[in-house]
Amino acid sequence: MNYYTRQELDDRGLTNTYPYSVATQASLALHRGYVDKMHLFHSDVYYVRAALEKNTGYVFPLDRVEDAMRAEGWKEHRHLPRKKEHGYKEKHC
């Protein structure tokens with residue numbers, strides 16, 4: 001697999017295409033009504049990719065970053081309800 005800098009992606013017209021971006025896919029999914037079936041990457045994947053780009057100069061595909069993170073033991077944690085702690089009061093609207 002070839003890795004590209006941000007400028008090379010721009011020059012090739014790949015910046016907004018999968019696997020470098022899911023923006024186009026997300027727009028189509030919303031328009032066509034199948035957004036629930038689309039895989040959206042966790043924000044951690046974007047943060048790791050940004051750190052990799054900063055340190056290497058290359059933009060790594062999102063799916064490759066996610067695969068590498070999982071191989072290293074990362075687990076996606078969905079937003080879990082906040083645990084009630086001592087002194088925590090729920091607000092009622």
Side-chain angles (χ1 to χ4, degrees):
M1 166 166 250
N2 293 331
Y3 295 108
Y4 303 106
T5 64
R6 178 103 17 217
Q7 184 61 51
E8 290 170 333
L9 286 175
D10 287 342
D11 293 346
R12 295 170 187 254
L14 298 174
T15 303
N16 292 320
T17 62
Y18 187 85
Y20 300 101
S21 173
V22 293
T24 303
Q25 283 184 310
S27 296
L28 286 172
L30 284 170
H31 178 71
R32 294 179 180 161
Y34 61 85
V35 73
D36 292 339
K37 297 177 184 174
M38 185 181 160
H39 174 69
L40 296 175
F41 295 97
H42 192 279
S43 60
D44 290 353
V45 177
Y46 289 92
Y47 288 118
V48 169
R49 183 175 76 163
L52 286 167
E53 182 179 359
K54 182 179 179 182
N55 288 297
T56 67
Y58 293 102
V59 180
F60 291 84
L62 292 165
D63 56 347
R64 292 284 184 137
V65 174
E66 184 180 59
D67 290 345
M69 289 170 62
R70 288 185 193 281
E72 291 294 323
W74 175 81
K75 292 185 172 101
E76 183 174 350
H77 296 284
R78 295 288 176 186
H79 299 285
L80 301 174
R82 186 175 174 179
K83 290 183 180 179
K84 291 183 182 181
E85 297 175 15
H86 181 66
Y88 172 76
K89 296 180 181 178
E90 288 187 31
K91 292 182 181 180
H92 297 283
C93 297

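This structure is a prediction, so every number in the text was calculated from the model and none was measured.
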Exercise for the section: Please lay out, stage by stage, how Glu53 and Phe60 fare under the test side chain to side chain contact (heavy atoms under 4.5 Å, CB included). Expected result: CA-CA 7 Å; Glu53 182 179 359; Phe60 291 84; over 6 Å; no
Practice task
May I ask whether Leu40 and Leu62 are part of the same hydrophobic cluster, defined by side-chain heavy atoms of I, L, V, M, F, W, Y residues being less than 4.5 angstrom apart, directly or through others?
Solution key: yes
Problem - Pair Thr15, Asp10: side-chain N/O donor-acceptor within cut-off below 3.5 Å - result: yes
Problem - Check against side chain to side chain contact (heavy atoms under 4.5 Å, CB included), Arg49 and Tyr20 - result: CA-CA 10 Å; Arg49 183 175 76 163; Tyr20 300 101; 4.3 Å; yes
Handout entry: Any donor-acceptor N/O pair, Thr24 side chain to Thr17 backbone, under 3.5 Å
Key = no
Exercise for the section: Would you check if Val65 and Met69 make a side-chain contact, meaning some heavy-atom pair closer than 4.5 Å? Expected result: yes
Problem - Separation between CG of Leu52 and OH of Tyr3, rounded to the nearest 0.5 Å - result: 10.0 Å
Exercise for the section: Return the minimal non-hydrogen interatomic distance between Tyr58 and Thr5, and the atom names on each side. Expected result: CD2-N, 4.0 Å
Practice task
Please work out which of the three classes, parallel, tilted or perpendicular, describes the rings of Tyr18 and Phe41, given edges at 30° and 60°.
Solution key: parallel
Problem - Minimum-distance pair of heavy atoms, taken over all atoms of Tyr4 and Leu14 - result: CE1-CD1, 4.4 Å
Fill in the blank from the handout: Output for pair (Met38 CE, Leu30 CG), nearest 0.5 Å, gives 8.5 Å
Handout entry: Lys/Arg-Asp/Glu bridge criterion (N-O < 4.0 Å) met for Arg70, Glu66
Key = yes
